[in-house]
Colleague: 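Pasting a structure below so you can have a look.
Reckoned from all heavy atoms, side chains included, excluding hydrogens, waters and symmetry mates. Within every chain, numbering begins at 1; the chains are lettered A, B, ... in the order of the sequence lines, protein sequences first and strands thereafter.
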Protein chains: 2
Amino acid sequence: MGINKKKIILIEDDATLGYLLSEYLKMNSFELYWAKNGVDCLKMLEQNSFDLAILDVMLPDIDGFSLAQTIINLHPKLPFIFLTARSLKVDVLKGFSVGAVDYLKKPIDEEELVVRIKSLLSRLDTSVTNEDKIRTIYGIGNYEFNTVNQTLSFNEKVINLTNRESQLLRYFVTHKNTLCTHKDILTHIWGRNDYFNKKSLNVFITHLRKYLNKDASIKIENVHNRGFIFKME
Amino acid sequence: MGINKKKIILIEDDATLGYLLSEYLKMNSFELYWAKNGVDCLKMLEQNSFDLAILDVMLPDIDGFSLAQTIINLHPKLPFIFLTARSLKVDVLKGFSVGAVDYLKKPIDEEELVVRIKSLLSRLDTSVTNEDKIRTIYGIGNYEFNTVNQTLSFNEKVINLTNRESQLLRYFVTHKNTLCTHKDILTHIWGRNDYFNKKSLNVFITHLRKYLNKDASIKIENVHNRGFIFKME
DNA sequence: AAAAAGATTAATAAAAGATTAATTGAATTA
DNA sequence: TAATTCAATTAATCTTTTATTAATCTTTTT
């Protein structure tokens with residue numbers, strides 16, 4: 001998750017359940033705001049910006065679906081989930097039709113609630129997902145390695161790598177400066193650790209060394225009888 | 001929703017439930033593919049590109065969680081939901097921890113399933129934004145490509161493109177300078193990734209290369225065993 | 001110094017790709 | 001309805017690429 005706590009607003013009139021959920025969610029490092037009714041809720045929405053709203057359908061002063069509608073009008077981007085005892089099918093359908101991200105039926109397990117919240121927040125948070133995505137471009141010294149196009153560039157010069165070369169280099173950059181045993185490399189890339197594949201691996205090591213010899217800070221060092229260490233940085 | 005039906009792959013070994021869900025989802029204008037086991041599933045994933053996977057946890061040949069792991073490795077962007085009779089809490093938590101978008105317990109109401117699917121697809125849908133960006137006219141080096149008239153012009157000379165030629169060229173200009181895998185091109189344009197369509201693709205590559213050979217700055221490069229890169233600019 | 005492991009270069013065979021030609025099949029027209 | 005046309009697919013052939021294997025040389029280890 002990000003460096004900042006995610007802000008959640010819980011709209012729940014029941015004192016016991018409200019307290020329980022608030023505390024549990026706080027324990028799971030969310031910043032929690034608990035509104036006990038619709039009026040409080042709107043006030044809080046005025047004063048803060050939230051990442052998620054959890055809405056009870058049955059509220060003393062306003063119907064949850066109407067409140068959801070109001071929330072959408074005021075904050076179209078705020079995702080919300082319904083949490084309710086009314087598990088009537090029409091309600092579930094109505095919940096989604098007004099734009100709910102999820103609809104959970106009481107009694108809900110707190111742990112499950114937390115993983116559901118985390119799951120949907122991580123998907124909604126584009127900044128996080130982009131960071132976490134498998135990187136396509138790696139800097140290797142003065143080289144640039146594009147794992148998708150399978151190219152290695154150095155000062156405008158572009159080398160096209162073959163599948164195996166690219167696989168091997170990717171393995172190395174993701175395991176840089178640590179021993180990569182023959183066995184690990186072979187089972188991971190060749191799928192099988194035997195004499196001939198090991199010979200093949202050696203050929204590809206030579207290829208990569210040749211490609212990378214423009215930058216002296218990068219080295220593929222052999223550890224006798226064990227494997228290789230890809231040194232960089 | 002977009003102009004095209006969303007493609008869903010359902011992995012379910014139970015014949016009755018599988019049939020029921022398939023039919024119901026088809027009725028709700030999804031394009032449905034039903035895999036009865038893990039092996040079938042992987043084959044289908046090779047041959048098509050999907051918008052969503054629905055996974056039973058209990059499969060005859062492979063554990064659903066392991067299959068999910070495999071799916072993530074092969075298709076990191078494909079969202080999946082679990083649909084299962086095992087409503088054990090640990091399973092739910094495990095489901096989300098491996099990256100599920102939702103975890104539904106049997107017996108599930110079909111109507112609810114559909115609204116949940118629609119809700120999450122609408123939130124995940126990025127293709128629409130990309131589709132919307134398609135322009136009518138593209139400059140390709142000294143050429144001008146009109147996607148509506150399906151023409152390619154060079155110094156007053158006009159080449160009339162066929163449907164396939166135009167589709168393929170459009171795919172390339174909207175994905176220029178990045179690897180377009182055989183699979184992506186074939187599933188996107190031909191709808192199916194198999195041996196014969198790949199042969200067909202090769203023929204069209206030859207066509208486009210011939211049309212575009214007046215401008216040396218444009219190249220359709222092959223990446224052995226992976227696909228093509230349309231280089232321009 | 002001998003043996004094993006590793007590095008390098010070269011040879012080879014299988015697979016993939018490119019190109020041209022033939023065939024199919026649907027749409028259009030006589 | 002038969003003939004024509006044109007695009008897409010399939011087939012046949014040739015070319016290129018690539019992973020592997022082999023051969024040879026160099027380095028390490030005992």
Colleague: More than 12 heavy atoms of other residues, nucleotides or ligands under 6.0 Å from NE2 of A/His188: yes or no?
Modeller: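 No - once you tally the heavy atoms of other residues, nucleotides and ligands closer than 6.0 Å, there are 12 at most.
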
Colleague: Within less than 4.0 Å of OP1 or OP2 of C/dA16, is there a side-chain N or O belonging to B/Arg226?
Modeller: no

Colleague: I need the CZ-C1' distance between A/Phe196 and D/dA19, as an integer number of Å.
Modeller: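 A/Phe196 atom CZ is separated from D/dA19 atom C1' by 14 Å.
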
Colleague: Hey, which of these two, A/Arg209 or B/Glu221, hits DNA chain C nearer its 5' end, going by closest nucleotide?
Modeller: A/Arg209

Colleague: Reckon B/Asn197 touches a base, only the sugar-phosphate, or nothing at all at heavy-atom distances under 4.0 Å?
Modeller: nothing

Colleague: Report the nucleotide, chosen from D/dT9, D/dA19, C/dG6, that has the shortest atom-to-atom distance to any side-chain atom of A/Phe204.
Modeller: D/dA19

Colleague: Is the shortest heavy-atom distance from the side chain of A/Asp51 to the side chain of A/Phe30 under 4.5 Å?
Modeller: no

Colleague: Going by atom types only, do A/Tyr211 and A/Glu165 share a side-chain donor-acceptor pair under 3.5 Å?
Modeller: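 There is such a pair (donor and acceptor under 3.5 Å, judged by atom type) between the side chains of A/Tyr211 and A/Glu165.
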
Colleague: Using whole Å, report how far CD of B/Glu165 lies from C1' of D/dA7.
Modeller: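 The answer, rounded to whole Å, is 9 Å.
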
Colleague: Within a reach of under 6.0 Å around CD of A/Glu233, are more than 12 heavy atoms found that belong to other residues, nucleotides or ligands?
Modeller: no

Colleague: Rounded to whole angstrom units, what separation is found between the CG atom of A/Leu168 and the P atom of D/dT18?
Modeller: 16 Å

Colleague: Taking only N and O in the side chain of A/His182, is any of them less than 4.0 Å away from OP1 or OP2 of C/dG6?
Modeller: yes

Colleague: Whole-Å distance between D/dT27 P and A/Asn202 CG?
Modeller: 15 Å

Colleague: Both B/Asn160 and B/Lys199 contact DNA chain D. Which one's nearest nucleotide lies toward the 5' end?
Modeller: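 Checking each residue's closest nucleotide, the 5'-ward one belongs to B/Asn160.
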
Colleague: Can you check whether A/Trp190 has a side-chain N or O nearer than 4.0 Å to OP1 or OP2 of D/dA19?
Modeller: no

Colleague: Go nucleotide by nucleotide along DNA chain C from the 5' end; which of A/Asn225 and A/Val203 gets its closest nucleotide reached first?
Modeller: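 The residue closer to the strand's 5' end, by nearest nucleotide, is A/Asn225.
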
Colleague: Can you tell me how far C1' of D/dA8 sits from CG of B/Leu161, to the nearest Å?
Modeller: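 Spelled out: CG on B/Leu161 to C1' on D/dA8 is 15 Å.
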
Colleague: OH of A/Tyr195 versus C1' of C/dA5: gap in Å, rounded?
Modeller: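 Result: 10 Å.
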
Colleague: How many whole angstroms separate atom CG of B/Leu186 from atom C1' of D/dA8?
Modeller: 14 Å

Colleague: At under 4.0 Å, does any side-chain N or O of A/Ser200 touch on OP1 or OP2 of D/dT20?
Modeller: yes

Colleague: Taking only N and O in the side chain of B/Thr206, is any of them less than 4.0 Å away from OP1 or OP2 of C/dT19?
Modeller: yes

Colleague: Looking at side-chain heavy atoms only, is the closest gap between A/Asn222 and A/Ile205 below 4.5 Å?
Modeller: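 No, their side chains stay 4.5 Å or more apart.
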
Colleague: In this structure, how many angstroms lie between the P atom of D/dT20 and the CG atom of A/Asp194, rounded?
Modeller: 10 Å

Colleague: Please compare A/His224 and B/Leu201 by the position of their nearest nucleotide in DNA chain D and report the one closer to 5'.
Modeller: B/Leu201

